[in-house]
Amino acid sequence: MADKLIYLDNNATTRVDDNVYEAMLPYFKEEYANPSSMYKFATKASNALKDAREQVRAFFNAKSEKEIIFTSCGSESANTAIRGVLNMNPGKKHIITTKVEHPCVLNLYQTLEKQGYKVDYIGVNSIGELDLEQLNDAINEDTALVSVMYANNETGVINPIEKISEIIKSKNPNTKFFVDAVQVAGKIPIDVQALGVDLLGISGHKFHAPKGVGALYVNSKTIITPLIIGGHQERGKRAGTENVPYIVGLGKACDIAHDFLKYEATEVKRLRDKLETGILKNIYNARLNTGLANRVPNTTNIGFEYIEGELILLHLSDLGICASSGSACTSGSLEPSHVLRAMNVPFTAIHGSIRFSLSKYTTDADIDYVNSVLPGVIEKIRNLSPYQEELAELKRRKSL
Ligand code: PLP
């Protein structure tokens, strides 16, 4: 095992920022009161909760801090939004989503289908862009909810949320719009008012807060039922004593992320592009799965044709490099990613697709190292491929 650690899997999770960690510490052992308690000792905890809510409100540009609900993760934010909206509209049984959502949304819809809901899954084109015409045509009088992710976790492709809001409002103003914004928080600005969304969820651990905390924006015109029923916390929308240290961490991460947006758009993007250019220039069987689609600045998804992604990841891991494969290993069989399948990525590349996701901690030295070792790794694996003729043809075409 190499001593090096080159962490390029920031869409899976991120390192906690030192300033986030420091901000959380007092709330474990000193200011540990329950923020709902009446005595003076609880004042600091309850003020910390208020401050964090204001930080998240500002991060979203929401109108009021009453529109913010703290949750435990992105999955809980999505489940609360979706079930909460549907429970308030029991007469409406139609939902629209996309084929490329995260499993926390897709698997919930599969459950809802079994309970009598009709769900339309909107497709994407070969570079991951959503079919807006199909979405427009699918909205009808019975549509209770549209849910579309802001950016895809595997490809980084950004959906035109503002445009989708306009389509929904023009077709059926009573339809609610939920956006899973987990993969954009800290990467591009989020402005819930400009976007025109009704509900929007994020997760702390994707932008340098710890795992186990998230937030959900619900605009003041949208009423939802709680997913977790119990005490009066979160204005009755999410029971359970608030996780004060983690919520403080989330608030701090929002402040820091806001200040880093420019860095993401310039430096993180520069490093991502440097990695991408290096790979595409030096490895003849590499293809950029997203082509020219609009993407978050930190993500690239590259297919290495005629070789296995898992093998690439194992070799990279031995060199201290963490990345992720486009395919998920389910019940012993290697199922290609539902996202890349929806994009019709050719079978020659789908199994060999790798996601690299950078962060503000990624350096030029990290990228130089990956660019220096990756061609050798790919060549070694290519030599074991049963598709030698096809590879020779690819090489010939690339050098033309
Ligand atoms: N939505 C997207 C797009 C994600 O990428 C993830 C996590 O990978 C989630 C939701 C779920 O977030 P969490 O792990 O906080 O539940």
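Read the numbers this way: they start at 1 and go in the same order the structure lists the ligands and their atoms. Along the sequence shown, the residues carry numbers beginning at 1.
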Are Arg355 and Asp9 close enough for a salt bridge, meaning some N to O gap below 4.0 Å?
yes
Is Asp17 paired with Lys252 through a side-chain N to carboxylate O contact shorter than 4.0 Å?
no
Output for ligand 1, non-hydrogen cut-off under 4.0 Å, lists Cys73, Gly74, Ser75, His102, Cys104, Met149, Asn153, Asp180, Val182, Gln183, Ser203, His205, Lys206
Axial cation check for Phe260 ring with Lys360, 6.0 Å and 45° limits
yes
Is the positively charged end of Arg15 above the ring of Tyr361, judged by distance under 6.0 angstrom from the centroid and angle within 45° of the axis?
yes
Return the orientation label for the Tyr39 and Phe41 ring planes: parallel under 30°, perpendicular over 60°, tilted otherwise.
parallel
Is the shortest side-chain N to carboxylate O distance from Arg295 to Glu276 below 4.0 Å?
yes
